[in-house]
Structure formats: C-alpha cells, structure tokens
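Each remark here refers to the structure printed beneath this line.
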Amino acid sequence: MSIKPYLRLAGLEPLVMRPETNFVNVGERTNVTGSKKFARLIRDNQYEEALSVARQQVENGAQILDVNMDDALLEGVKAMTTFLNLLQAEPDIAKIPIMIDSSKFEIIEAGLKCVQGKCIVNSISMKEGEAKFIEQAFTCLSYGASVIVMAFDEKGQADTKQRKVEICHRAYKILTERVGFDPQDIIFDPNIFAVATGIEEHNNYAVDFIEATREIKQLMPLTKVSGGVSNVSFSFRGNDHVREAIHSVFLYYAIQAGMDMGIVNAGQLVVYDEIEPSLRKLCEDVLLNRNNDNNEATEALINFAETVKAKGKEIVKDEKWRNEPVEKRIAHSLVNGITDYVELDTEEARQKYPKPLDVIEGPLMDGMNIVGDLFGSGKMFLPQVVKSARVMKKAVAVLTPFIEAEKEERKQAHLAAGTTNEEAAGAAKILLATVKGDVHDIGKNIVGVVLGCNGYDIIDLGVMVSADKILETAIKENVDIIGLSGLITPSLDEMVHIAHEMKRRNINLPLMIGGATTSRMHTAVKIAPEYDHGVVHVLDASRSVTVAGSLLSKEQKGDFLGGISNEYQKLREDFASKRSVKSFLPLAQAQANKVFLDWNSFTPVSPSFTGTRSFNNYSLDEIANYIDWQPFFIAWELHGRFPQILSDEKVGVEATKLYNDAKELLQKIVSEKWLTARGVIGFWPANSNGKDTVTLQDNNEVVDLEFLRQQIKKAAGQPNISLADFIAPQETGKQDNIGAFAVSIHGIDEHIKRFESQHDDYNKIMLQALADRLAEAFAELLHHKTRTEFWGYAKDENITNEDMIKETYQGIRPAPGYPACPDHTEKYKLFHLLNATKEAGIELTESLAMFPASSVCGWYFAHPDSKYFGVGKITRDQLEDYATRKEMPLENAERWLRPILD
C-alpha cells in the first residue's frame, strides 16, 4: 500500500495533515514584525533568550513555528542563520516544523540551509514574473520544502475569484509540471481582503475568496488553502462583538469550501450556531454579498455595530428555548452545557417515549451527535464538551433506575416462561488506563469524557494499573479498544511492555497510545514493532473520536491501519537515518566545551540556614497569587498565552467562561479549605568536580548528585551544558551551595468522589487541574522566598507575577525527570535529603512518579548565569560513565535513560 498523498512536514518529529486535521496552529511570536520582544532580543544579539520565545510557542501548542527576520535594522541573512542554527540544537523546539518567513528570498535561502526535517517557505509568488518564480521554486524544492504561494502575479494581488483561481492554477501547473513539486506540498494563499468598507468594489471580496477556495480545491484537490482571517473584519476593528461574529460566519463558509488553515489574531470566535440570529443574518448578508444593493447590507451591519458599541456587550438570559419541544430543549441543554432543567426535561421525555432506553438512544444521543459534530468541526471546544457530558450523565442518572427496573421485569418474565434473556450487545467498549507507576490522569479523564460523549462505553481503570489488570479486564469485559496513558518517561517502557504482552497472550485488539510524554515517533519506533494488530498514537482528545471510529469501522479499519503502518515504517526509517547523520561529541570533548563562568569575580551567597525547613498547611490564599494560568488552559486543550487567550479570535469566549468557572471554584477551595498545602525546602554546602558531579555535605553525610551533559555537536561558541556547570568547582576554593524543594497538595480525593457521584466531570477535571496549578504555584512561591529570603541571593528582587511566570528572575529550579536533568532516579537522593515523604507527604511510585499527583520537586541553583536547557540525546560513552558514577548496573541505567539514548 503506498503512502497517502498528505502534506507531510517535519522537524525532529513529523506533522501530517490528514483530511480530518483541523486548523494547524502556527506560532507567530518568533517574527520580528509581529513581536516587539522578539525583535528587541534579536537586535540586541540575545539569541539564547530569543530561543525562550520559540520554546514558549511550542509549549503553548504551536504545531509549526514561523520565523521572520525582516527588519530594516537587522542583517536578515545573518540573523536568520544564527537563530535557526541555535534552534536546531534545542530538541524541544526543533521537534516541530519551521516556517521560514521573509519577503526577501536571500533570507529564505539562508534559512533553508539551516533547518532539518521538512519546512514551509512563506512565501513565493509570480509578482516578479515566471522566471524568478521558477528559480525560487527550484531552490525550495532542492531543499525539500513545501511552499506557500501568494495569489500575486505581474499585474498585482488577485482580488476577484477569477483572478485568484487563474493565478493559483497557473502557479500549480508551473510547480507540478515544470518544477516537479508534489501537489500536496503546495499551499495557496488566495488573499482575504476587508469587506464592509463602503466601497462597492469590495463587497464581493469574501465571496471571491470562498468561491475561489472551492474551485481551487476542485481543480487541485491535494493542495492546501490558507489565509489571514482577521483581514476580513478590518472595517470593524475595536468592535470585538461584531468581529467575532464575522470571523465565525466567514470560517463556517470558508471551511465548507475547503479552507485548511488560517491565522486569526484579533477579537474572539464564537460557535456559529450560537450567534444571535439577527447578527448572524447581517454578517451573512455582508460576507455573502446578499441584499447589498447600494451597500444596504453594509449599512445595516454598521448600524448594528454602532448599537453594540454604544451599549457594550450585554449578557441577557434568553429563555425562549424553553418553549420548544422536549427533544429540542434537551439538545439545547447538551450543546450549551445547561444543567438547570435536565432532570425535568428527561422525566418529561421518559413519559413521552415507550421505554426509558428510547430517551437515551433518541433525543439524548441526537443532542450528543450535534455536540460531536460541532467539536469535530472546531466549532466547540473541550470545556464545552465536558459540560455537555455533565448534562448527559445527569440525564442518564435520572433514567438508570427505570432502565434497571425494566431489565429486572424482563428477567423475571423470562424466568417464569423458561426462556433465555439475551440483552443487546450495546455500544463499543473502550478501556482506558494510566499505566503502572504513573499517577497522572487528567488527560485520560478528558479523553474518556469526549469518547463517552460520542456514544462509546468507557471502562476507566484509573491510575497505576498493571499490565495484568489491563489485559485481564480487557478480556473479561470484551472491550473493543485499549487506551494507555502516561505522563512520566518510565511510562513509555511500560507501554512497550504491555504491547509485548498483548502479542504474547495473542490479544487481538487495537491499542491507542496517549499522554504528555508520548509521541508519534516513539510509538512508531518503540511500541508498534512489539504488536501486530494496530498501535495508534493519539495526539489529543479531539483526535480520539476519529481514531476510535476508524478502528471500529469494518470498512475503514484496514485502510486506516495500513496507512498508519506505512507511516510508522517511514518514521522508523527517518529515525534510523537521522541517528546516523546526527553529530555527537565524545563525552570528554563535551565536558571540555562546558559553560565557562568567571568564578574569580563571583562570590557565592550563603543561605540563611542549612538543612531543611518544613511548611505544613500553608495558606492557599497566598499560594493562589502565584498561579500561572497558561498551563491550566493547555490542560483543557485551549492553547495560547494568558491573559491574551481570553480575547483570542478562536477560543476567547470559551476560555473566558472556563477562567470564570475556575476562579469561582478556586475561591470555594480556598475559603472552605478543601485542600492542604505541604512542602519542604533545604540548602547544603556544595561544590562540583569541574565535570558532572556535585558533592554536598549534609551534616556528617556526603552526597554525590550526578548530572548529564549535552553531547550534540553545536555551533561554534555554543557550550555543551550540564547543571553541574552552575556550581563552583572545588578547585576554585569557593564554597558554593545547592538547594532542593518538594511540595504537594493534599485532600482532593473526597471532593473528586463527590463530583463523580454527582456525574460532574466538568468540576472533577477542573478540581484536578486547579490542584496541579496550586502545586506549581506553591513551588513558585517558595522559590520566590528562597531567592529573596531563605537563600537571599536576590534580596532586592522586585518583579511582577508576569515576570515571575516568564522566569526573568535569577536562578533556576530544574526537576529530576525533566529536560535539564532527565534521570528520575536522582529523586531518591532529593527525597532522602529533604525527608520529603514525612515532611511533605509525598510518596514515590516504582516508576518514580510522585503521589499525590499534584506534587512538584526539584533543585535550586543560584548562579546568575544558570538557565534551563534540554540535555537532548546522549551516546553510550556518557551512559557508561553515568552508570559508573552512580554505581548502578549498566542495564538499570540504560532502562532509566532509554528515552534519551541515541
């Protein structure tokens, strides 16, 4: 079976745009024309700090990173080359594809020489004629890049449907027939222009784009279409209420016509079906150029916009829907997550339908099908879906006693008649579990809710589930799919073990893999070879429904798994080839290329105490002031910077509702003392050996902390970093120090059980996410007090909470198991030094996950030049050296470090 003709991009990891893929997020902040901070850092040659901007984009969910150096004060070629070379040495950033963005082709070509994988060039066009276009296209093709082609020729930008299609088709024929591009590597931008400008010639701009998109996709079906969506509403800038409606209506029609991606920067985006009908009609009239003779539609929308501007955005509770038939009322409640009337409406439906099961299979599932369609098309977001699930569960709870009573009646009737009672097979069953040794389950819970909303019967085994229990339950319950989740890196090995056991026990069920530490590459290289009956990596909850549907469809399963198998085989080949071309330094050379610090002019600050100090029942009210809200939204699969996400074009409305709900629940948690915060910190005299070992003195005990060093060969002048570089070497004669911390949030279980009994997944997941945020906030609070008080190396620090979240302060707090110190086994030493199990109430699982799940631990480094980084891949010489230093059997060290071994 051949590889399907999808747009395939790659950094260190692949990005495949399949037919079911929604809009792809492009990180724009590494663009000097779009980010003042990034532009300033580049102009000041602060490239290392500029990398943090890129890293933040990746952490925020960017799937492609746009890099632009078009600034009159910059040497663009040099800036692009320097930044991309540095970026390629950071695996956590370089894992996603790069979009090389410039209006100057010499800068684009400079960038093409630097990136690995498969990138996008943004952009080329025929504005300087065919010869220049072909020359640039050949250059892009020679580097293996995909291209964005602007609808722009020698006469100027295309503004009509005919011109857009003609230019794109002309470019397509040149690229495919004369240059040799695959159609799927071509992305067209047919130009979105502003409507409702009052100029009659502009009235058809949106229609021209939509119809041009439709024809482009018909003429050239394998190509992609993109565009700058916010341009269309430019006439209404400053009026977010109208802009959000225009964008939503525009996307509704543009996506139907075949638009694949788009960057939307201003305002918000609402669910198309939830726009008030009068405004929706006005937007449609303007965008579709209906009823617009003499600009009548434009004038009508402008007049409406003025009324909104004058009175602001009012929130009015509209109860007209309560007059609809019960089926429509139930659907409305499900789509909008309204629980106020669910018991009343469900009971009314039960009395209307012959059997209580008919209510579930009828109006309830009809409503959930609407939810599924809206979610799948990007018109609803995860928090809304979880609220819908809450309504569904409450409705089912009303019906369950009646369903059970009917079952009992049928059973007794069959017993009396001497016949058998065969119940219907029911919905497909999916078993979900967080694997042995791992305690994190927010992501798994969300996937369970989303799949449950789509009619699947979910069996959730919880956390720390052994392979035996997973497989025995799968057989006993006759499930159709097994889904495995994990957050920490040792979970990857457990997933490999489970796949191996499924093959050994001859269990023939599809296996879905998910969780923060998993990846498509790891699934292809490590898990899929262990099992022959279908292993699929699922990126997030929104993809789980499509994957499950394909795996359970007799018609689709063969082709779907065949395509996955081919794709994973190519990933394995790519992985093998990348391993062979990557350049690593021998450990001794990497150590010689360490971070060189001027220890002669540096005087380490002594902490205010040595040993440990505990904090029991710390004020949650004070901790809450240190919450970083951005990861909270990421947990709900809403990606973007906080607080900007609250006014985001696409997710702003739902993000704001979610934030308000979270603040309300947080207030209750604090005021009613639902949870308890416990923590411990410690400081000890320490020095490094000038390589990768830090030795500390704890009373009469000497403890060696072992760290790992970057080994990938870097650009000239760039060091191979180890955390040990930031502690004064013994040979300097200067007494340095190191610190550690462990914090945890306790008391969540009883409240989780209460929400479960109330069928309230929304508040259950909300509580788990807030507990995680409070643990991180507690860690941030203690780090702040460490810098200014307990250690006191930055007593004069005066920064805002926003600056704290951006980590602009002096010093770092890296955690064992994370990129700068990826070995989890160093937690044993940290816990021993802090007595963390007794003082903070945290226990370590066999895979070294922390329990409770809302726990954080790490080291404190104080040197002003200390910074976060990723060790990346290491080679066998460092593995052997590390095992020797730790006095650990080589096979054990290899097991724990397998994810980073080259």
Side-chain angles (χ1 to χ4, degrees), residues 270-277 280 317-410 423-430 448-458 541-542 544-546 548-549 552 654 657 756-763:
V270 291
V271 175
Y272 171 83
D273 296 328
E274 297 304 309
I275 302 170
E276 55 263 49
R280 186 169 64 212
K317 194 169 183 180
D318 184 359
E319 297 286 347
K320 291 178 183 176
W321 65 279
R322 297 299 304 155
N323 298 322
E324 297 283 351
V326 67
E327 292 82 1
K328 288 191 175 182
R329 298 202 303 270
I330 286 174
H332 183 90
S333 292
L334 287 165
V335 170
N336 292 278
I338 299 170
T339 58
D340 298 355
Y341 309 99
V342 61
E343 289 90 353
L344 181 68
D345 288 344
T346 303
E347 175 58 20
E348 181 181 336
R350 185 186 71 81
Q351 296 188 23
K352 178 177 179 180
Y353 284 76
K355 296 185 296 183
L357 191 59
D358 293 340
V359 180
I360 294 176
E361 295 177 345
L364 283 169
M365 283 312 301
D366 289 344
M368 291 311 295
N369 286 338
I370 297 171
V371 171
D373 290 343
L374 290 170
F375 184 55
S377 61
K379 297 178 186 175
M380 280 182 74
F381 303 101
L382 189 58
Q384 294 166 290
V385 174
V386 176
K387 288 180 181 178
S388 299
R390 176 172 58 179
V391 177
M392 181 71 171
K393 287 192 172 183
K394 287 181 178 293
V396 171
V398 171
L399 297 168
T400 298
F402 299 100
I403 293 172
E404 293 301 322
E406 277 198 357
K407 282 184 179 178
E408 185 60 29
E409 285 178 16
R410 289 197 298 274
E423 296 287 349
K429 290 182 181 180
I430 300 178
V449 169
V450 172
L451 289 170
C453 286
N454 283 269
Y456 297 107
D457 184 3
I458 303 302
S542 65
S544 62
V545 177
T546 304
L552 294 171
E654 285 311 313
K657 291 178 183 176
E756 287 176 342
S757 69
Q758 295 169 352
H759 313 288
D760 191 349
D761 285 317
Y762 182 68
N763 277 308

At their closest point, which heavy atom of [X] faces which heavy atom of [Y], and how far apart are they?
| X | Y | answer |
| --- | --- | --- |
| L552 | Y456 | CD1-CE2, 3.4 Å |
| G448 | I458 | O-CG1, 3.6 Å |
| I330 | A349 | CD1-CB, 4.0 Å |

- [ ] Kindly compute the distance separating NE2 (H759) from OG1 (T400), expressed to the nearest 0.5 Å.
- [x] 7.0 Å
- [ ] Nearest 0.5 Å please: distance from the CD atom of E343 over to the CZ atom of R350.
- [x] 13.5 Å
Do the side chains of [Y] and [X] get nearer than 4.5 Å, heavy atoms only?
| X | Y | value |
| --- | --- | --- |
| S333 | V342 | no |
| M368 | M392 | yes |
| W321 | I338 | yes |
| F402 | E347 | yes |

- [ ] Check the pair D366 / E327 against side-chain contact (heavy atoms from CB on, under 4.5 Å), numbers first and verdict last.
- [x] CA-CA 9 Å; D366 289 344; E327 292 82 1; over 6 Å; no
Task: D345/R322 salt bridge by N-O under 4.0 Å criterion - done: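 Judged by the 4.0 Å cut-off on N to carboxylate O distance, R322 and D345 do form a salt bridge.
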Open item on the list: Less than 4.0 angstrom from a charged side-chain N to a carboxylate O is my criterion; do R390 and D761 meet it?
Closed with: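 A salt bridge is absent here (no side-chain N lies under 4.0 Å from a carboxylate O).
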Task: Pair Y341, E348: side-chain N/O donor-acceptor within cut-off below 3.5 Å - done: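 No.
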- [ ] Please check if atom NZ in K394 has more than 12 non-hydrogen atoms from other residues, nucleotides or ligands closer than 6.0 Å.
- [x]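 Yes, the 6.0 Å shell around NZ holds more than 12 heavy atoms from other groups.
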TODO: Test side-chain contact (heavy atoms from CB on, under 4.5 Å) on L364 and L399 and set out the steps.
DONE: CA-CA 11 Å; L364 283 169; L399 297 168; 3.9 Å; yes
TODO: Could you tell me whether the side chain of S388 and the main chain of L334 form a donor-acceptor pair under 3.5 Å?
DONE: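 Side chain of S388 to backbone of L334, a donor-acceptor pair under 3.5 Å: yes, one is there.
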- [ ] Show your reasoning for whether side-chain contact (heavy atoms from CB on, under 4.5 Å) applies to H332 and K328.
- [x] CA-CA 6 Å; H332 183 90; K328 288 191 175 182; over 6 Å; no
